[in-house]
Structure formats: C-alpha cells, structure tokens
Amino acid sequence: MTKRELSKSFEPQEAEKRLYEYWLKRNLFHAQDESEAKAFSIVIPPPNVTGMLHMGHALNNTLQDVIIRFKRMQGYNTLWMPGMDHAGIATQNVVEQELAREGKSRHDLGREKFIARVWEWKEKYGGVIINQLKRLGCSCDWDRERFTMDEGLSKAVREVFVRLYNEDMIYQGDYIVNWCPRCHTAISDLEVEFKQDQSFLWDIRYPFADGKGEIIVATTRPETMLGDTAVAVNPNDDRYTDVVGKYVILPLMNKKIPIIADDYVTADFGSGAVKITPGSDPNDFAIAQRHNLEIITIIDGHGIINEQGGVYKGLDRYEARQKVIADLEKGKYLVKTEPYIHSIGQCYRCKTDIEPMVSKQWFVKIKPLAKQAIAAIVKGKTKIVPGTWEATYFEWMNNIRDWCISRQLWWGHRIPVWYCAGCNKVIVSTTDPDKCPDCGGTKLRQDEDVLDTWFSSALWPFSTLGWPKKTKALKTFYPTSLLITGFDILFFWVARMMMMGIYVMKEVPFKDVYLHALVRDEKGEKMSKSKGNSIDPLVMIDKYGTDAFRFTLTAYTAQGRDVRMSEERIEGYKFFVNKIWNAAKLTLVNLEDFDEKSAVIAEDSLPDKWIKARLNRAIEEVTGSLDEYRFNDAAAAIYRFVWHEFCDWYLELSKPAFYSKVSPEQRRATQRTLQDIFKTMLHLLHPFMPFVTEELWQVLNRSDEKSIMVSSFPEANKEWENASAEKEMELLMDIITSVRNIRGEMRIPPSQKLQVMISVPDKEIKGMVDAGKDYLVNLANLETLTAEVALVEPKGVATGVIGSLLVFVPLAGIVDIAGEKARLQKEIVKVKKDLEQCSRKLSNQDFMEKAAAAIIKKEEEKLKDSQDRHAALESAFNKLKDIEG
RNA sequence: AGGCAAGUAGCUCAGGGGGAGAGCGCCAUCCUGACGCGGUGGAUGUCCAGGGUUCAAAUCCCUGCUUGCCUACCA
C-alpha cells in the first residue's frame with residue numbers, strides 16, 4: 001500500500017492548469033454522435049468574438065458546467081456545444097479602430113481587404129474568452145467549437161434565408177428604420193436603448209396658407225420641420241374640424257403642407273396638433289403611409305442635413321437644430337420654449353442618438369413565426385424557468401413587429417441576393433450564381449448588406465450540429481435539453497431561436513430554458529467599466545481559486561433574484577475549499593492502514609449508520625435541487641452536509657476508532673465508511689468544484705477510472721436510510737451540545753474534565769446513552785458519565801434539559817450559583833413563552849375542531865415537552881435557591 | 001404609462017399557512033491529535049405599513065409606500 005499524502009493546503013493555480021490539461025488529454029469532454037446512453041445537450045450562448053470574460057459570462061457558464069457535469073456523471077451522453085458569435089457591429093468597430101490608428105478607414109481598404117483584415121484580427125486576438133472559459137473549468141466539447149461565420153454556419157444562414165424568401169417570409173422595402181449615424185447601419189428595434197434626456201419642447205406657429213390665423217405645433221426636434229409634409233389633428237377634435245383639409249405654410253421652407261386628421265393624435269396633449277415628418281419619425285411615417293403623404297428625407301446617414309434641407313444643407317443635425325430655432329425666433333414663428341424631459345433612442349453599441357431614417361431594408365415577417373413560438377410555450381413543449389418569464393415572453397411575442405435583418409456593415413453574412421445588370425432579375429440563391437437564369441447575363445451584383453448577427457445566432461441550436469446536413473449529431477442532440485442564459489436576451493436570442501427552430505426544424509430548439517439574473521455589485525448596481533464597480537472574474541479566480549469562485553456563484557443563484565456579488569463571500573467559500581482539503585488530509589491519515597480486502601469487518605457503528613443516512617438525505621437534496629435548477633439550494637445542502645455534519649460531527653465521532661482501543665474489525669468498519677462517505681461526498685461536490693474534487697479523488701481513488709468527472713453521480717442508497725440511527729444520534733448530539741452550552745455559559749474551562757450524571761426517563765433511553773458513552777465522553781470532554789433512570793438531582797450542579805432527559809453537570813469548586821440561576825432563568829423565560837403559545841392554541845375550541853389531526857397531535861406533544869422542560873428547570877432553579885438559603 | 005419582482009438579523013440573502021433560518025460580521029472562550037482559512041458557546045428580528053381571508057398569516061388576497069428591472073414611448 002502506497003502512502004498518500006497531501007500538501008498543507010490546496011494550490012489552485014497549479015492544480016487547475018494541470019487537471020484541465022489532464023481532462024483535455026483524455027478527451028473527457030467529448031460527446032458521442034451516437035450512443036446507447038440517453039443524450040443530454042446544451043448549446044452555449046456564444047460569446048462575442050471580441051468579448052472578455054465578465055461576471056455575467058462567469059455566472060452563465062458556471063451554471064451550465066454544473067448541470068453538464070452533473071448529467072455527465074449521471075451517465076448521459078452529454079454534449080456542451082461551445083462556440084463564438086461574430087458580433088457584426090462590435091467586431092467591425094474594433095478593426096476599424098485599429099485601422100484608424102494607422103490613419104486609414106475601411107473604405108481605403110475596400111470591402112474584400114477589410115474582411116480579410118477582420119479575419120486576421122480574429123485569428124490573432126479573437127476568442128480570448130475561450131481560454132477564459134477554460135479557466136472557469138468549463139467542460140465544453142471543444143472539438144466541436146463553432147463560429148457563426150464559419151463555413152458550415154454560413155451555409156445554414158443562406159439556406160434559411162433562401163427558404164424564408166421562397167416562402168414569402170422575407171421582403172425588402174423602403175421603410176423607416178433605426179439608423180445609427182455612427183455605425184452607419186440600420187439596427188433592429190431591440191437594439192435601441194431609451195435614455196431619459198433633459199431637453200425642451202418648442203411650440204412653433206404654422207400660419208394658414210390663406211393668411212388667416214395659424215396652428216401651433218409642439219416638437220422636441222425642431223430641425224426635422226424641414227422635412228414636414230403635413231400637420232395632423234385628431235378627427236374628433238372639435239377645435240380643428242374646420243381646418244382639416246386646409247393648408248399651412250411651413251415656416252423657413254415656405255412650402256404649403258396639408259392639415260390631415262388621424263387617430264394617432266391625442267387631442268389633449270399640447271395644442272392637439274402635430275407636425276408630421278415621415279422621413280424622421282416612425283409614427284409620422286406610419287401616418288404618411290395611411291394618408292399617402294410625401295416622404296422627404298432631410299438627414300443623411302451621417303446625421304447631416306442633405307440638399308432637401310435647403311440652406312441648412314451640410315449642417316450636423318444638432319447644429320441644424322440651433323440654427324432652425326434661431327431662424328424661427330427671428331421670423332417670429334417660435335411661440336415658446338419649455339424644459340421637457342423625454343426619452344431618446346440610442347444605439348445599444350455606441351450610445352449615439354438614433355436617427356430614424358427611411359431606407360431600403362430586408363425584413364422577416366415575424367407574426368406567423370411568433371404564433372408558433374407562443375404555442376410551443378403554451379403547450380409546454382418548452383418550459384421557461386422561472387415561470388414568471390413566460391408572461392413577459394407572451395407579452396413581447398404578441399406585440400412583435402417585423403424584424404429588420406439587414407445591416408449596412410461589411411462584417412457578417414452577406415445577403416444571398418444578386419441583381420442582374422442585364423434584366424434586373426433578382427436572384428436569391430444558396431450558392432453564388434455565375435449567370436442570370438433568365439437572360440444568361442454574367443454581370444451580377446450581390447446585395448451590399450449583411451444580416452443581423454442575431455439572424456445567425458437564431459439558428460445556433462441546429463446550425464452548430466451540422467444542419468443543413470442531416471448529421472448524426474443533429475439527430476442525437478436536437479432538440480437540445482436545456483438552454484441557460486440571462487433574461488436580458490430573452491427577446492434578442494431565446495425568442496428568435498424558438499421561432500427559427502420551429503420554422504426550420506419543425507421542433508422546438510430546447511426543452512427547458514433557465515433564465516438567470518444579472519450580476520450586480522454589493523449595492524445592487526449593474527456592474528460596468530465606466531462605474532468602476534465591476535469585479536473581474538479572472539482576478540477572483542487568481543485570488544481565491546476557481547472552485548471557490550464557482551461555488552459562490554452557484555450559492556448566490558436563487559431563482560428570480562439578482563446576484564449581488566461580494567468578494568467577502570468568495571473568500572468564505574475559499575475557506576470551505578480549505579476545509580474540504582483538511583478533512584481529506586485527516587481522512588487519508590485514518591485510511592493509511594486500511595485493508596480493504598479483509599473480509600473481517602464489524603458491523604457499522606452508530607456514527608457510521610448516522611452519517612450514511614445523512615449523506616443519503618444530502619444526495620436527495622442536491623439531486624432534487626439541481627433537477628429543478630435550484631442552484632442555491634443544492635449548494636446550501638452540500639455545504640451543510642460537508643461542514644456541519646461530516647466535519648463537525650462524523651470526523652469527531654470517528655476519532656475514537658482511530659485513537660482509542662477498538663477492535664481491528666471495528667476500525668476497518670469505520671475506515672470503510674469513512675472512505676465511502678468521503679468519496680461519495682467528492683462526487684456530490686464535483687459539479688460545483690471540479691478541480692479540488694478531482695485532485696482529491698485522484699489521491700483517494702483505487703479504481704481504474706480515469707477521472708471523477710466520468711465516475712457516477714451518487715444516488716440515494718435505500719440500505720443507508722436509517723431513521724432510528726438518526727434519532728439516536730440526535731439524542732447524543734443534544735446531550736453533547738447541552739454540556740458544551742453549560743460549559744460555555746458557566747465559564748468552565750475546556751481543559752477541565754467533567755463528571756456528568758444523566759437522569760433518563762426509561763431503560764430504553766438509558767440503553768442509548770450507555771451505548772453512546774464513549775462518544776459523549778470524547779466530544780463533551782468528560783471524565784465520567786453515569787446514567788440512571790429517574791435520578792434525583794444532586795446538589796451543586798448545573799442542569800440541562802432535553803425533553804424528559806436531564807443532564808447534571810457538577811460545578812465542582814466553582815459553584816457560581818448566581819450564574820447558573822441566571823442561565824436557568826433565561827431558559828425558563830423561553831420555555832414559558834412556548835408553553836403559553838401552546839396552551840392557548842390547545843384551549844381554543846376552533847383550533848381543536850378545525851385544525852388537522854397531525855397538527856393537534858404535534859401541538860400536544862410540544863405542550864408536554866414544554867411542561868416537562870419547565871418543571872425540570874423550575875426544580876433546578878428552586879434547588880439553587882435552597883442552597884443559597 | 002403599463003407589467004414583473006422584491007422589501008425577513010448589522011450586511012448579503014434563503015424560506016413560504018401551524019415552533020423565525022443560513023453565510024459573513026459581532027461577543028465570549030479555546031494554541032483538544034485535519035483545519036485559527038479552525039473549534040466551542042452566545043447575542044440580535046414590529047419578517048415594509050395598513051386592511052382582509054383563516055381556528056392559525058412572515059407566508060395567501062387587497063391597498064399603500066419604497067426599491068430594482070422589463071416593455072412601450074404622445075409630438
């Protein structure tokens with residue numbers, strides 16, 4: 001037998017690297033395309049290729065890895081599909097900035113060279129996050145790693161686009177879209193963030209064309225008046241019924257525009273009349289379509305006034321505002337200016353104010369897709385956890401608007417549409433055409449736009465598995481079992497995957513969706529670089545080790561709650577890792593001479609039986625909690641077991657088997673239990689703390705298995721259930737705690753061994769106490785212990801009451817009567833409160849008639865217990881009074 | 001403007017119709033054979049407020065207050 005030793009403490013930095021490589025080398029993260037085992041699969045929410053690991057990633061991926069390792073150990077053919085997202089705008093920005101430092105723009109390079117440059121950047125710097133995920137211990141099947149821009153996924157994108165197009169689900173048209181003047185692209189409604197802005201509301205006078213009177217309109221964007229093509233009022237607004245159909249003169253532009261009536265206008269806001277600028281406002285655009293109004297675009301893609309803006313041409317939109325206001329004032333058109341708070345749309349990427357702009361874009365008709373995606377949740381084909389999110393999902397899906405999928409970027413999936421220069425034929429094809437199918441012309445021009453990054457992400461659950469090829473992996477792992485992601489991308493991503501999955505695969509993309517909360521700082525504020533309150537996960541990992549960090553995240557993850565990360569708590573769990581390590585050290589020492597093969601083994605001792613029963617319960621709790629994605633409960637259950645049951649009690653209780661004289665058979669029995677329990681505990685801990693458990697398992701393990709991560713997850717063992725051992729042990733623990741309490745309260749030094757007497761109510765209990773004598777003596781630090789049925793209370797003792805059992809601790813020499821009286825008084829007050837509460841209930845007729853029988857019985861037992869306790873305490877108290885005289 | 005969630009120990013949070021819990025912190029004590037990153041013991045609560053349902057409410061319902069978030073955005 002080789003002697004196995006552990007270093008003084010666990011060294012995460014060194015071990016984590018070594019063990020991760022060990023797993024990789026043995027290919028343990030790999031899932032089989034085909035297997036007899038049931039499949040379990042998760043696709044990773046692909047991080048941006050430009051991304052760096054932040055707390056959100058750390059939480060998200062820790063939770064995934066916990067479930068993945070749990071399922072893998074349970075014997076599933078487990079796939080965690082990793083990969084990255086090409087992040088159109090973000091990545092293009094990064095490379096453009098790089099070019100800018102060289103004094104160049106992407107236009108200097110041209111499209112092809114620019115894209116080549118982005119790929120170059122990607123190879124060189126992209127995907128830092130993948131290595132960071134490895135440091136988190138993520139057991140992804142890296143052999144399968146995908147990228148949304150790789151060949152296979154690009155093919156999937158084209159395939160889906162063409163299918164949607166052919167089925168009339170994609171259309172192109174001139175519509176008003178959210179335009180980012182800095183990114184120079186359209187973005188979807190979801191990509192606009194609204195920010196409160198302190199601004200003004202300007203009232204402007206529009207004189208009637210016939211020279212008599214005027215109409216006042218209010219606006220937050222005076223510069224857009226240059227493109228006004230109407231003024232609108234509510235059709236039911238009596239003040240204006242006469243003027244509908246008349247014309248006003250648009251100030252500064254000196255142009256006649258009509259007054260129209262539309263329900264959109266609220267009569268009781270402002271003057272009840274609205275200027276209509278279809279080219280610069282989505283609502284106005286809708287009105288223009290209803291009324292066939294002229295649509296004039298006055299602001300170009302850079303946010304500069306164009307030739308339609310007359311003398312204001314060339315001015316930036318904000319400069320134009322100032323000049324328009326000045327000119328209106330000069331012309332006496334400005335009625336008033338009042339401070340006004342309103343919200344303004346900004347680009348979620350660069351925070352530039354959105355400029356609503358009419359342009360030619362591609363859209364997906366979303367309603368039919370949404371309908372099915374709603375039905376799938378209603379029917380329970382996909383379950384969202386926590387369920388409260390389902391309402392949010394329905395709300396959004398029911399009010400969904402067509403999805404603008406074209407982006408005026410270079411980096412992304414170029415739209416697979418070509419235009420024939422010869423006959424203007426529109427060719428939509430999965431492969432690049434070389435000639436026009438109609439006229440045979442070869443002068444073909446591909447659409448300039450690329451697709452929204454989320455378009456490719458929406459296909460992620462099947463595109464990563466090889467679709468459109470009918471791969472074995474697809475068959476085995478689709479629909480995936482679970483998706484774990486933050487609620488913040490419920491619409492961006494989850495909803496769109498649901499729609500696309502159902503549309504393309506005719507099956508939901510995942511059975512369960514677990515939405516976790518955001519990670520905030522201790523004060524509950526969102527972590528951000530600009531606020532300087534963000535905690536870098538990698539710094540935490542360096543400082544406290546991955547296991548402690550992961551355990552913290554898991555322990556924090558209660559359903560529907562934000563995670564308020566505090567470094568102190570991570571430190572606390574580092575101590576937990578250390579505790580496990582030290583328990584392992586003791587275990588190893590105690591197992592040193594363990595002759596596993598020996599057939600001569602005694603029956604389990606009481607602590608052995610007890611710890612097995614407790615472990616059983618812990619297994620059930622951890623498994624049950626993980627099955628329901630109750631991560632915090634799982635973490636709490638295992639923490640409690642390891643620290644407060646195994647370490648605090650079992651290791652102490654088993655010491656006599658190693659330090660005092662017991663039979664070799666008994667020693668072996670305890671060694672066997674110790675080994676079983678410790679190993680099982682490691683298995684139970686592994687999904688949360690992969691590294692330290694592997695390290696310890698390697699030392700402890702004697703089987704041929706390669707790694708704890710492919711060994712089996714514990715299952716509750718019926719033979720280990722033992723309610724009577726739990727009860728018996730509880731009695732002993734109560735006695736020990738009672739003695740310790742007296743010792744502590746009465747200031748009896750720990751070094752002083754005590755001679756304790758116990759009065760037991762009957763022979764059965766006496767039997768239990770006698771049987772547990774060694775444990776009591778050891779853990780309560782006693783010199784002698786005697787137990788007698790109905791022992792009369794001796795003089796000069798402190799009394800502990802456990803039901804009808806009395807513990808007498810002699811206050812040898814240092815009879816602190818006042819102290820003991822105070823202690824008893826405290827207890828008496830407590831028990832009196834219980835007593836009152838209890839008897840009040842039991843004397844309540846309504847309670848006796850209506851409460852459940854079990855509750856009444858419990859209440860009655862409680863009463864008796866309290867009465868016994870009370871009597872015992874009072875008697876002890878009175879006896880002290882007697883002594884005092 | 002609507003919607004959702006939450007208000008429980010000094011802090012961070014579990015729990016969820018019948019005896020108020022954990023971790024950290026705090027106090028006292030202990031260099032007991034793995035662990036001071038430890039052991040042992042202890043103190044601490046108008047479970048946001050008000051009303052209702054119930055034999056019984058921290059828990060369910062209503063109202064209000066506070067906070068956070070989401071959706072929409074009316075010039």
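All values derive from a computational prediction rather than experimental measurement. Just so we're on the same page: letters track the sequence lines, and every chain starts at 1.
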So, do Y393(A) and W389(A) have ring centers that fall under 6.0 Å from each other?
no
Pick the P atom in C13(B) and in A9(B), then give their distance to the nearest Å.
11 Å
N283(A), nearest nucleotide to its side chain (from C73(B), U40(B), A34(B))
C73(B)
Pair of N/O donor and acceptor under 3.5 Å linking C37(B) base with K579(A) side chain:
no
Watson-Crick or G-U wobble partner of U40(B), both distances under 3.5 Å:
A28(B)
Report, one line per pair, each donor and acceptor closer than 3.5 Å where one atom sits in a side chain of residues 333-342 of chain A; sequence neighbours left out.
none

Per nearest nucleotide of RNA chain B, the residue lying toward the 5' end, P282(A) or A391(A), is A391(A)
In whole Å, what separates the P atom of G18(B) from that of A57(B)?
11 Å
Using nucleotides 41-45 of chain B, report all nitrogen or oxygen pairs with the protein that are shorter than 3.5 Å.
| residue | atom | partner | partner atom | Å |
| --- | --- | --- | --- | --- |
| G41(B) | O3' | N741(A) | ND2 | 3.4 |
| G42(B) | OP1 | N741(A) | ND2 | 2.9 |

For the base of C70(B), is there a side-chain donor-acceptor partner from T392(A) under 3.5 Å away?
no
Under a 3.5 Å cut-off for both contacts, is U66(B) paired Watson-Crick or G-U wobble with anything, and if yes, with which nucleotide?
A6(B)
Here's a test of your reading of the structure: between S9(A) and F269(A), which maps to the more 5' nucleotide of RNA chain B?
S9(A)
Per the side chain to side chain donor-acceptor pair (under 3.5 Å) rule, what does the pair list look like for residues 826-841 of chain A, sequence neighbours excluded?
E745(A)-K826(A), E827(A)-R869(A)
Return the set of residues passing ring pair (Phe, Tyr, Trp, His ring centres under 6.0 Å) with F492(A) (not counting sequence neighbours), or none when no residue passes.
W454(A)
With sequence neighbours excluded, tell me which residues meet ring pair (Phe, Tyr, Trp, His ring centres under 6.0 Å) with Y240(A).
none
Of all pairs that satisfy salt bridge (Lys or Arg N to Asp or Glu O under 4.0 Å), the ones with a partner from residues 547-558 of chain A, not counting sequence neighbours:
D65(A)-R550(A)
Checking Y206(A) against D228(A): is there a side-chain donor and acceptor pair closer than 3.5 Å?
yes
Side-chain donor-acceptor pairs under 3.5 Å in residues 577-587 of chain A, sequence neighbours left out?
| residue | atom | partner | partner atom | Å |
| --- | --- | --- | --- | --- |
| N578(A) | OD1 | N582(A) | ND2 | 3.1 |
| W581(A) | NE1 | S7(A) | O | 2.9 |
| N582(A) | OD1 | K585(A) | NZ | 3.2 |
| N582(A) | ND2 | N578(A) | O | 3.0 |
| K585(A) | NZ | K8(A) | O | 2.9 |
| T587(A) | OG1 | A583(A) | O | 2.7 |

Where the side chain of F575(A) is defined as all heavy atoms beyond and including C-beta, which of C74(B), U40(B), G38(B) is the nearest nucleotide?
G38(B)
If we take the P atom in both U46(B) and U40(B), what is their distance in whole Å?
29 Å
Using the P atom as the point on both nucleotides, what is the distance between A43(B) and A5(B), in whole Å?
37 Å
Between A49(B) and G7(B) - C1' atom distance, rounded Å
11 Å
Any W389(A) side-chain N or O less than 4.0 Å from OP1/OP2 of C69(B)
no
Mind checking side chain to side chain contact (heavy atoms under 4.5 Å, CB included) for F394(A) and listing every partner two or more places apart, or none if nothing turns up?
I374(A), I377(A), V378(A), E390(A), N398(A)
Tell me, for nucleotides 15-22 of chain B in 5' to 3' order, what letter each nucleotide earns: B for a base near a protein heavy atom under 4.0 Å, S for only sugar-phosphate near one, - for neither?
S--BB---
